[in-house]
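Here the structure comes first, spelled out in structure tokens, and everything after it is commentary.
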Amino acid sequence: AAAYAKNPIAQIPASQFKALGGLLFAGGTNGRDLYSLSGVHFSPRIGLSEKIGDKTVVRAGAGVFFIPMLLGGVNQNGFSASSPIVATNDGYLTPASTISNPFPNGLIAPSGATLGVNTNLGQSIAYMYSNPRNGYSMRWNVSVQRELAPDTMLEVGYTGNHAVHMLVNRSLDYVPQQYLSTSPVRDQATIDRLSANVPNPFAGLLPGSTLNGSNVQLQQLLYAYPEFSAITQNSYPEGSGYYNALQTKLEKRFSHGYNVSVNYAWSKLMERRARLNPGDAAL
């Protein structure tokens with residue numbers, strides 16, 4: 001805060017600039033679980049069929065189907081380390097590394113949990129949401145089969161599906177909405193303003209990272225956690241989707257085991273699984 005107060009940007013007064021947040025590690029008061037899962041999953045199914053006369057059959061069904069949770073491993077922040085190539089420390093005025101010496105400050109060694117909330121400062125981090133939920137879909141269908149002629153059948157049906165709690169990855173470090181352009185065309189003035197170099201309050205405090213140089217882009221200081229280059233929260237259960245389809249089939253059976261089948265489907269799928277801008281409240 002003291003370093004920022006020397007050269008504050010117009011968007012954030014010196015008294016409001018904060019570098020909050022940090023990593024927590026399993027154990028002690030933080031508990032030993034990496035995440036918590038629900039142990040109860042109710043998945044009912046029901047199906048009905050009714051023959052009407054000699055040539056018509058009506059079928060219907062519904063059920064709840066859970067989506068497997070593919071977590072893809074655990075992000076061991078602090079116990080694994082990558083050494084990014086720092087291209088420049090002064091806004092690309094001069095290079096900080098070369099092909100012959102891409103890591104002039106050496107390689108970053110894993111620190112484990114020894115640094116506490118200071119772990120991986122200046123770097124990008126990703127972590128899994130601590131209370132993920134299995135997504136599930138509610139599916140239903142109804143169809144009518146009708147014999148049009150001997151060995152000729154027409155089937156018309158409707159299928160619907162509504163999925164909820166689909167896992168979504170979201171960014172927690174982004175430029176707030178009030179600083180973005182609302183122009184329907186490219187707004188070069190806003191782009192230039194956000195990417196302009198300003199004095200870096202973290203200069204010399206985050207060695208081995210891209211946020212250690214004398215200058216930094218203005219947009220970095222507008223992030224909720226400016227001391228990290230990026231923060232991604234994985235497996236947040238907020239996605240959803242709808243699927244509706246009209247399905248038809250015309251089938252003709254011939255002798256000697258031959259048949260001809262013609263199928264047609266008219267469907268629509270709509271999903272909410274991404275944000276237009278990282279700071280948008282809704283998908």
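Keep in mind that the numbers below use all heavy atoms, side chains included, and drop hydrogens, waters and symmetry copies.
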Within this structure, what is the NE2-OH distance for the pair His162 and Tyr136, rounded to the nearest 0.5 Å?
7.5 Å
Output for pair (Asn263 CG, Glu155 CD), nearest 0.5 Å, gives 9.0 Å
Flag, side chain of Asn134 to backbone of Ile67, donor-acceptor distance under 3.5 Å
yes
Between His41 and Phe66, what is the ring plane arrangement, given parallel below 30°, perpendicular above 60°, and tilted in between?
perpendicular
Looking at side-chain heavy atoms only, is the closest gap between Val216 and Val198 below 4.5 Å?
yes
Have Arg146 and Thr56 got a donor and an acceptor in their side chains that come within less than 3.5 Å?
yes
Hydrophobic clusters here meaning ILVMFWY residues chained together by side-chain heavy-atom distances under 4.5 Å, can you tell me if Val86 and Leu205 are in one?
no
Straight-line distance of Leu154 CG to Glu147 CD, nearest 0.5 Å:
11.5 Å
Any side-chain heavy-atom pair from Tyr223 and Val175 closer than 4.5 angstrom?
yes
With sequence neighbours left out, what residues match Tyr243 under side-chain contact (heavy atoms from CB on, under 4.5 Å)?
Asn161, Ala245, Ser267, Leu269
Are side-chain heavy atoms of Asn200 and Ser214 found at a separation under 4.5 Å?
no
Side-chain heavy atoms nearer than 4.5 Å, only ILVMFWY residues, links allowed to pass through others: does that put Tyr127 and Phe79 together?
yes
What ring-ring contact (aromatic ring centres under 6.0 Å, His included) pairs are there with at least one residue in residues 246-266, not counting sequence neighbours?
none
What I want to check is whether the side chains of Gln247 and Tyr158 have a donor and an acceptor closer together than 3.5 Å.
no
Hydrophobic clusters here meaning ILVMFWY residues chained together by side-chain heavy-atom distances under 4.5 Å, can you tell me if Tyr236 and Phe228 are in one?
no
Main-chain N/O of Tyr225 paired to Asp173 side chain as donor or acceptor, under 3.5 Å
yes
Contact check, side chains of Pro201 and Leu221, non-hydrogen atoms, under 4.5 Å
yes
I'd like to check the ring-ring contact (aromatic ring centres under 6.0 Å, His included) partners of Tyr92; sequence neighbours left out, ordered by chain and number.
none
Do Leu206 and Ile231 land in one hydrophobic cluster if side-chain heavy atoms of ILVMFWY residues count as linked below 4.5 Å?
yes
Residue pairs, two or more places apart or on separate chains, that pass salt bridge (Lys or Arg N to Asp or Glu O under 4.0 Å) and touch residues 252-263:
Glu251-Arg253
Taking distance alone, no hydrogens or angles, what donor-acceptor pairs closer than 3.5 Å link side-chain atoms of residues 4-26 to residues at least two apart or in another chain?
residue : atom : partner : partner atom : Å
Tyr4    : OH   : Ile9    : N            : 3.1
Tyr4    : OH   : Ile12   : O            : 2.6

To the nearest 0.5 Å, tell me how far Thr232 OG1 sits from Leu172 CG.
7.5 Å
Side-chain heavy atoms nearer than 4.5 Å, only ILVMFWY residues, links allowed to pass through others: does that put Val142 and Met153 together?
no
Taking atom OH as the centre, does Tyr242 end up with more than 12 heavy-atom neighbours from other residues, nucleotides or ligands that are less than 6.0 angstrom away?
no
Ser235 side-chain N/O to Tyr129 backbone N/O, donor-acceptor pair under 3.5 Å
no
Check whether any side-chain heavy atom of Asn120 sits under 4.5 Å from a side-chain heavy atom of Leu115, and report yes or no.
no
Is any side-chain heavy atom of Leu194 less than 4.5 Å from a side-chain heavy atom of Leu218?
yes
Do any N or O atoms from the side chain of Ser124 and from the backbone of Ser229 form a donor-acceptor pair under 3.5 angstrom?
no
List the atom pairs, with distances to 0.1 Å, where a side-chain N or O of residues 272-283 and a protein N or O form a donor-acceptor pair under 3.5 Å, not counting sequence neighbours.
residue : atom : partner : partner atom : Å
Arg272  : NH1  : Ser240  : OG           : 3.3
Arg275  : NE   : Asp280  : O            : 2.8
Arg275  : NH1  : Glu238  : OE2          : 2.9
Arg275  : NH2  : Glu238  : OE1          : 3.1
Arg275  : NH2  : Glu238  : OE2          : 3.3
Asp280  : OD1  : Gln177  : NE2          : 2.7
Asp280  : OD2  : Asn277  : N            : 3.0

Just so I know, are the side chains of Leu167 and Pro237 near enough to count as touching, which here means a heavy-atom distance under 4.5 Å?
yes
One should read off an interatomic distance between Lys51 NZ and Arg59 CZ, to the nearest 0.5 angstrom, of 11.0 Å
Using atom types as modelled and distance alone, determine if a side-chain donor or acceptor of Asn141 lies under 3.5 Å from a backbone N or O of Ala62.
no
CD on Gln233 to CE on Met128, rounded to 0.5 Å
10.5 Å
Is there side-chain contact between Phe202 and Pro226, with heavy atoms separated by less than 4.5 Å?
yes
Checking side-chain contact (heavy atoms from CB on, under 4.5 Å) for the pair Val144/Ile52: CA distance, chi angles, key distance, verdict?
CA-CA 10 Å; Val144 178; Ile52 302 175; over 6 Å; no
Over 12 non-hydrogen atoms of neighbours within 6.0 angstrom of CZ in Arg133:
no
Please confirm whether the backbone N or O of Leu211 pairs with a side-chain atom of Ser209, one donor and one acceptor, at under 3.5 Å?
yes
